[in-house]
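These notes concern the structure reproduced below.
Quick note on labels: first sequence line is chain A, next is B, and so on, each numbered from 1. Given the structure is predicted, the values throughout are model-derived calculations rather than measurements.
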Number of protein chains: 2
Amino acid sequence: MSVTTLHRPTHRDALEALSAAFERGDLVTVFGRCTVEYDGRAASSLGPGDRLLILKPDGTALVHTDEQRTPVNWQPPGSEHRVAVRDGRLRVRSERETPDERLDVRFEAVHQVSALPVTGGRAVDVHGSEEDLRQRVLEHPELVEPRFEPAATERETAAGPVDVFGHDSEGRPVVVELKRRRVGPDAAGQLGRYVEALEREVPDGADVRGVLVAPSVTDRARELLAEKGLEFVSLEPPAASENGAIRDPSTGSDAEDA
Amino acid sequence: MSVTTLHRPTHRDALEALSAAFERGDLVTVFGRCTVEYDGRAASSLGPGDRLLILKPDGTALVHTDEQRTPVNWQPPGSEHRVAVRDGRLRVRSERETPDERLDVRFEAVHQVSALPVTGGRAVDVHGSEEDLRQRVLEHPELVEPRFEPAATERETAAGPVDVFGHDSEGRPVVVELKRRRVGPDAAGQLGRYVEALEREVPDGADVRGVLVAPSVTDRARELLAEKGLEFVSLEPPAASENGAIRDPSTGSDAEDA
DNA sequence: CAGTAGATATCGCCT
DNA sequence: AGGCGATGTCTACTG
């Protein structure tokens, strides 16, 4: 099984190629002059131009121009692709429910259609995420402060789950919020909510400390932290080189799913 | 000028096709069996498999598998694409500075290479955004509450710009925060910051009211609003059908940039 | 299914 | 270049 490509096909031939590709579960690309209409969570319209349409067997649709990382229009996974010839144009419609939304791509000219059989792994191993930072804090709690003792991760509160919950050298409860990169005011607000929620939950109205752990903070975030009596500790996620090699091979295997 | 496609090219032929396509400013697709390494803001590794690589003339690189809307790896616009043959494989490297990051895609087999000359519009018209909701509030302030009088949009405060600032029937200052969809605790925090900032700025320590305008709120957000003495008004962005037709044609023209 | 928060978020605007 | 907030954010996870 191999790549199938048509150059400047008739709409009818393109339709048949697309139908067959959907049937096979291929990844499809269509390059041509088209207009695009979207209606759903919002609504949008895109005038004529040459674009690359990508149709995935999981129901994803992407319309790309020659600029930007973000597609100019799209449909999320779980949509259903259908193709038809209407008013002398090739119409590709991708539709889903919950939420109800629809993407219509109408080609007045198809320059190329390709059907690509995709196999192999799609599990990417990423390092330097917030989870890596959490690992670092759990293995070296003194990086937060001397004698800090982590007690739980993802501890549930009325305001949501706390990244790391523990106690300081004097036994006071400490809420740690982790961010993998420089943070703004939103993170200060988030930490503040957790601290307030825990102050209500802790039985003996003991003070709860809040510590934001991140590489750095903006000025406004620093002010907000100060207002709320929260603290900041500068710490970065471990670099990929420090981290990647020391991983449990049993969980780190490159799962290549079905 | 037209589409150029190579099937199962040698690495050398693929390299030349890619170099020529970069030179022309074409959009490029490469389908083949590859591994992918990324290092920059984070770091990642992806084992062998068939993927679709998209290279845009603006420096964007996208690696797509047969699943998900989000590329499995990517490089943002402004990167520089380079191609070479190394160790018997075709290596496409996309790199940028600030931040310093790099994507390497190494093909052991190239199934197809296409160079697509892209022309035409890329300006999409979206309706149902927060700006449309703001328009609705400015044209019909009574939808917020009777005799609400908007005074400014994007009014600057120490905590950032306020969506709509105005006064109620009794002359009290009102901060309106707009959200195009159902909101969670973060929006309540955002509105609270604006209200606090304005209470300090307003000369005669007058109370400042805060009103969140959105289609709906989560329970937790509702609690937070209540705690902070903030209010909620249910309002949606105008539907596309209501909105799109009544637009100033002088500004609403479908600009198709250079 | 809704709620919640992370992300190599991306993107645009403004200082 | 950095700060800040919107996005049709997307995505994973949890109840």
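- Side-chain contact between Glu101(B) and Gln75(B): present, with at least one pair of heavy atoms (C-beta onward) separated by less than 4.5 Å.
- One N or O on the side chain of His81(B) and one on the backbone of Lys56(B) form a donor-acceptor pair closer than 3.5 Å.
- Residue contacts shown for Asn73(B) include a base, since a base heavy atom lies under 4.0 Å away.
- A salt bridge does not link Lys179(B) to Glu236(B): none of the charged nitrogens lies less than 4.0 Å from a carboxylate oxygen.
- Rounding to whole angstrom units, CG of residue Asp58(B) and C1' of dT10(C) are separated by 13 Å.
- Contacts of Ala187(A) with the nucleic acid, taken as non-hydrogen atoms under 4.0 Å apart, are absent.
- Whole-Å rounding puts the Lys179(B) NZ to dT7(D) P distance at 8 Å.
- Applying the 4.0 Å criterion to OP1 and OP2 of dT4(C), one finds that Tyr194(A) has every side-chain N and O outside that range.
- Between dA6(D) and Arg180(B), no contact under 4.0 Å exists linking OP1 or OP2 to a side-chain N or O.
- Taking side-chain N and O atoms only, Thr98(B) has a distance below 4.0 Å to OP1 or OP2 of dA1(D).
- Taking the C1' atoms as reference points, dT8(C) lies 25 Å from dT14(D), given to the whole Å.
- The shortest side-chain heavy-atom distance between Leu53(A) and Val92(A) falls under the 4.5 Å cut-off.
- In this structure, Ser234(A) contributes its side chain and Pro215(A) its backbone to a donor-acceptor pair below 3.5 Å.
- Of the possible donor and acceptor atoms, one in the side chain of Arg180(B) sits under 3.5 Å from a partner among the backbone N and O of Gly128(B).
- As a whole-Å value, the separation of Glu131(B) CD from dG12(C) P is 14 Å.
- The phosphate of dT4(C) (OP1 or OP2) has no side-chain N or O of Gln190(A) nearer than 4.0 angstrom.
- Residues Leu116(A) and Val28(A) have side chains not in contact (no heavy-atom distance under 4.5 Å, counting atoms from C-beta outward).
- Ion pair Glu37(B)/Arg93(B) not flagged as a salt bridge, since none of the NZ, NE, NH1 or NH2 atoms sits closer than 4.0 Å to an Asp/Glu carboxylate oxygen.
- Residue-to-nucleotide proximity on DNA chain D shows that, of Val72(A) and Glu97(B), the 5′-proximal contact is made by Glu97(B).
- Rounding to whole angstrom units, CZ of residue Arg134(B) and C1' of dA6(D) are separated by 12 Å.
- Between Ser129(A) and dG6(C) there is no side-chain N or O to OP1 or OP2 distance below 4.0 Å.
- Counting non-hydrogen atoms under 4.0 angstrom, Pro99(A) reaches nothing in the nucleic acid.
- Of the P atoms belonging to dC4(D) and dG8(D), the separation is 23 Å, rounded to the nearest Å.
- Both Thr218(B) and Gln75(B) lie near DNA chain C, and the one whose nearest nucleotide falls closer to the 5' end is Thr218(B).
- At whole-Å resolution of the value, OH in Tyr38(A) and P in dG8(D) are 8 Å apart.
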What does nucleotides 10-15 of chain D look like as a protein-contact string, B for base, S for sugar-phosphate only, - for none, at under 4.0 angstrom between heavy atoms? SSS---
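- Qualifying ring pair (Phe, Tyr, Trp, His ring centres under 6.0 Å) partners for Phe165(B), counting only residues two or more places apart in sequence or in other chains: His167(B).
- When the side-chain nitrogen and oxygen atoms of Arg182(B) are compared with OP1 and OP2 of dC1(C), none of them lie within a distance under 4.0 Å.
- Here dT9(D) presents its P atom at 15 Å from CG of Leu103(A), a figure rounded to the nearest Å.
- Comparing the C1' positions of dA7(C) and dA6(D) gives an interatomic distance of 16 Å, to the nearest angstrom.
- At a threshold of 4.0 angstrom between heavy atoms, the contacts of Glu154(B) with the nucleic acid are absent.
- Taking atom CG of Asp186(B) as the reference point, atom P of dA7(C) lies 16 Å away to the nearest angstrom.
- Residue-level contact check: Ala159(B) touches the backbone only, with heavy atoms under 4.0 Å from sugar-phosphate atoms and none from bases.
- For the pair Asp163(A) CG and dG6(C) C1', the computed distance is 10 Å after rounding to whole Å.
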